[in-house]
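Since the model is a prediction, treat every value here as computed from it, not as a measurement. Below, all heavy atoms of this structure are taken into account, side chains as well, without hydrogens, waters or symmetry copies.
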Amino acid sequence: MTSDGCSDPASLDSLSPQEKKRQGYIHELIEAEERYVEDLQVVFYKPMSESRRLTDAEMAMIFVNWRELLACNSKLVKALHARKKTTGDNVPVQKIGDILASELSHMQPYISFCSSQFNGATLLQTRTDNEPEFKAFLKKIATDYRCKGMPLSSFLLKPMQRITRYPLHIKNILECTAEGHPDHGHLKEALEKAEELCQQVNEGVREKENSDRLEWIQNHVQCDGAVEHLVFNSLTNCLGPRKLLHSGKMYKAKSSKELWAFLFNDFLLLTHAAKQFTSSGPDKLFSKRNNVQLKMYKPPVLLNEVLVKLPDPSSDEPIFHISHIDKVYMLRTDNINERTSWVQKIKVASEEFIETEKKKREKVYQARSIKGTGIGRLLVTILEATELKAAKPNGKSNPYCEVTMGAQTFTSRTINDTLNPKWSFNCQFHIRDLYQDVLCITISERDQFSPDGFLGRTEVPVATIKKELENKGPVTRRLLLHEVPTGEVWVRLDLQLFK
């Protein structure tokens with residue numbers, strides 16, 4: 001027997017070559033898991049914590065949730081050993097896939113650790129570069145035989161390395177497991193869980209990097225005018241969370257003015273530096289040490305309103321044009337490859353934005369066009385709203401009105417800079433159930449760069465409208481808006497029931 005409880009290879013002589021190979025891979029996985037748990041228990045954390053050379057916040061930034069990782073993998077090792085004890089000494093391990101599938105489902109702490117790892121590594125590097133005493137202290141800890149001569153920075157990479165090894169381990173075992181074997185289905189499930197975990201970790205790392213870069217832009221780009229209060233690290237208007245898709249240096253084609261461009265999933269932002277600075281790529285641009293201050297060169301260019309063109313595709317000049325409503329921006333990059341990258345990324349992001357809006361509109365039109373055996377119709381005119389809540393810093397709002405009945409939806413135009421919009425907006429609803437249908441009116445603040453703000457809502461059951469309109473014809477009503485401190489809407493209602 002080996003120390004991990006897996007059968008000694010010498011006891012496997014009677015097995016088929018394929019089963020020998022399978023047991024060898026199982027042996028390899030368990031040994032690797034044991035070594036990894038030993039590595040997680042190394043002596044860095046305790047002496048660093050006791051030395052008080054790092055604050056609690058700095059310790060948390062470097063080690064994140066290290067103890068949770070140790071708990072996850074200790075549990076896995078114990079489960080593997082327990083399985084071997086149940087199987088018996090010198091007996092090949094029949095099933096391992098069920099344990100892997102179960103334990104890999106509970107390794108979410110790795111998402112948090114790996115996505116925070118870059119900030120911890122940066123802090124460690126900064127302290128090591130700037131403080132010789134701190135560097136010597138880490139070197140001294142690394143002399144402990146349990147560290148195997150490896151520095152702390154290498155140990156902090158082990159969790160990410162371990163996660164990426166699981167699919168390979170499981171694939172090796174699965175390839176030596178016949179389809180009819182009792183472990184085959186479990187191993188397939190375990191492989192799915194391992195690949196899903198890698199995917200979640202990678203996605204977590206990307207999201208954290210995106211979030212950090214959006215925060216960097218928030219702190220280094222001075223916005224003014226209509227977007228003075230723009231929050232970069234937030235939800236877009238209709239595309240979910242904002243994502244930074246591309247960034248880099250470009251120039252105005254005619255004047256060669258240097259610009260720094262940031263492409264998000266909803267808009268393109270062109271900025272220029274208050275002072276000249278050099279950068280050798282996006283990583284240096286977003287470095288915490290980079291104190292550059294950028295100013296907005298032009299208002300953000302919404303990607304559902306742009307057209308990207310190459311003036312002459314055969315030209316060697318890395319120039320491209322961006323048309324936005326009534327403006328054309330002529331831009332130049334450092335080389336053709338960069339131009340190609342910018343043009344493609346802007347086009348793809350623009351198409352996705354337009355497609356999202358199109359699907360939203362189609363859903364509305366589809367709901368309106370459904371033919372049914374209606375019992376009548378309700379003609380609605382939204383005349384105006386008064387004394388709405390102010391949503392903008394200037395004490396005004398950009399209100400629009402959405403009127404719904406079930407899936408039927410109509411939206412008014414947006415009127416800018418007012419608390420008393422006059423719409424005179426007409427819509428017609430099919431009545432399907434006199435006692436279930438409800439007319440809902442919602443007033444919202446149109447925001448280009450974040451979800452629309454709520455300015456109030458009111459509802460009127462169709463049964464109430466029938467009772468009030470009995471033999472009276474169209475009536476005009478004033479309705480108070482709910483869930484807001486102020487605001488009311490004036491509507492004209494005309495209920496027409498079919499005979």
Side-chain angles (χ1 to χ4, degrees), residues 226 237-238 302 304-305 325 356-372 374 376-392 394-432 434 437-448 450-466 468-469 472-498:
N237 183 269
C238 66
L302 282 163
N304 60 342
E305 302 170 343
I325 309 175
T356 301
E357 289 192 317
K358 183 182 170 187
K359 283 179 182 173
K360 195 176 171 184
R361 285 194 303 270
E362 283 173 355
K363 198 174 174 184
V364 169
Y365 294 147
Q366 199 175 2
R368 283 188 207 166
S369 60
I370 292 172
K371 303 295 180 190
R377 63 184 179 183
L378 177 65
L379 307 178
V380 179
T381 302
I382 306 295
L383 299 167
E384 62 179 325
T386 55
E387 298 180 7
L388 294 177
K389 182 179 77 170
K392 293 166 64 179
N394 67 358
K396 302 289 186 181
S397 291
N398 296 337
Y400 71 92
C401 180
E402 187 173 77
V403 194
T404 64
M405 186 180 292
Q408 302 173 78
T409 303
F410 294 86
T411 306
S412 76
R413 72 188 190 283
T414 300
I415 301 180
N416 293 333
D417 290 322
T418 180
L419 301 181
N420 302 289
K422 297 182 186 300
W423 287 295
S424 295
F425 162 60
N426 299 309
C427 44
Q428 174 180 299
F429 295 93
H430 300 291
I431 306 297
R432 292 182 173 82
L434 202 56
D437 287 348
V438 177
L439 179 71
C440 302
I441 300 169
T442 305
I443 313 289
S444 301
E445 155 79 4
R446 179 74 72 196
D447 196 318
Q448 291 180 311
S450 60
D452 295 338
F454 180 74
L455 298 180
R457 173 187 170 94
T458 188
E459 296 184 352
V460 189
V462 172
T464 303
I465 297 172
K466 179 181 181 295
E468 291 185 4
L469 266 63
K472 289 183 183 173
V475 298
T476 299
R477 282 193 58 185
R478 176 178 68 98
L479 303 171
L480 287 176
L481 295 172
H482 304 300
E483 300 169 61
V484 282
T486 179
E488 54 192 34
V489 60
W490 290 81
V491 300
R492 183 182 298 119
L493 304 171
D494 184 6
L495 180 63
Q496 300 174 357
L497 297 176
F498 303 142

Worksheet, complete the sentence: Here the pair of heavy atoms bringing N398 nearest to T414 is O-CG2, 3.5 Å
Fill in: Heavy-atom pair with the smallest gap, counting every atom of W423 and S412
NE1-OG, 3.3 Å
Worksheet item: Among side-chain atoms of E402 and T442, is any donor-acceptor pair under 3.5 angstrom?
Response: no
Worksheet item: Hey, does the side chain of E459 reach the backbone of V438 with a donor-acceptor pair shorter than 3.5 angstrom?
Response: no
Worksheet item: How would you list, by chain and number, every residue that makes a side-chain contact (heavy atoms from CB on, under 4.5 Å) with Q448, sequence neighbours excluded?
Response: L302
Worksheet item: Hey, what do you get for CG (L455) to OG (S444), rounding to the nearest 0.5 Å?
Response: 6.5 Å
Worksheet item: What's the spacing between R413 CZ and S424 OG if we round to 0.5 Å?
Response: 7.5 Å
Item to complete: Spell out, as yes or no, whether a donor-acceptor pair under 3.5 Å connects the side chain of T418 to the backbone of N420.
Response: yes
Practice prompt. Evaluate the side chain to side chain contact (heavy atoms under 4.5 Å, CB included) criterion for residues M405 and I431: first the C-alpha distance (whole Å), next the side-chain angles of each, then the deciding distance (0.1 Å), finally the verdict.
Written response: CA-CA 9 Å; M405 186 180 292; I431 306 297; 3.8 Å; yes
Fill in: Spatial distance of atom CG (L439) from atom SG (C427) [nearest 0.5 Å]
7.5 Å
Practice prompt. Indicate the atoms forming the closest heavy-atom contact of Y400 with E445, along with that distance.
Written response: CE2-C, 4.2 Å
Item to complete: To the nearest 0.5 Å, tell me how far N426 CG sits from R492 CZ.
Response: 8.0 Å
Discussion item. Distance check, rounded to the nearest 0.5 Å: K396 atom NZ versus I415 atom CD1?
Written reply: 13.0 Å
Discussion item. Do L388 and L481 have side chains that approach each other closer than 4.5 Å (heavy atoms only, starting at C-beta)?
Written reply: yes
Worksheet item: Which pair of non-hydrogen atoms, one from Q408 and one from Q428, has the smallest distance, and what is that distance?
Response: OE1-O, 4.5 Å
Worksheet item: Can you check ring-ring contact (aromatic ring centres under 6.0 Å, His included) on F429 and F410, steps first, answer last?
Response: CA-CA 9 Å; F429 295 93; F410 294 86; 5.2 Å; yes
Worksheet item: Side chains of V484 and I443: closer than 4.5 Å at any heavy-atom pair?
Response: no
Worksheet entry | Partner of N237 under side chain to side chain donor-acceptor pair (under 3.5 Å), chosen from T356, D452, D447 | D452
Item to complete: For D417 and K392, run side chain to side chain contact (heavy atoms under 4.5 Å, CB included): C-alpha distance rounded to whole Å, both residues' side-chain angles, the deciding distance at 0.1 Å, then the answer.
Response: CA-CA 9 Å; D417 290 322; K392 293 166 64 179; 2.5 Å; yes
Worksheet item: Between W490 and T386, which heavy-atom pair has the shortest distance, and what is it?
Response: NE1-OG1, 4.1 Å
Practice prompt. Output the distance between atom CD1 (I465) and atom CG (L378), rounded to the nearest 0.5 Å.
Written response: 5.0 Å
Worksheet entry | Side-chain touch K466/L497, heavy atoms, less than 4.5 angstrom | yes
Fill in: Partner set under salt bridge (Lys or Arg N to Asp or Glu O under 4.0 Å) for E357, not counting sequence neighbours
none
Worksheet item: Can you name the closest pair of heavy atoms from R377 and F498 and give their distance?
Response: N-CZ, 4.3 Å
Worksheet item: Does any non-hydrogen side-chain atom of S397 lie less than 4.5 Å from one of K389?
Response: no
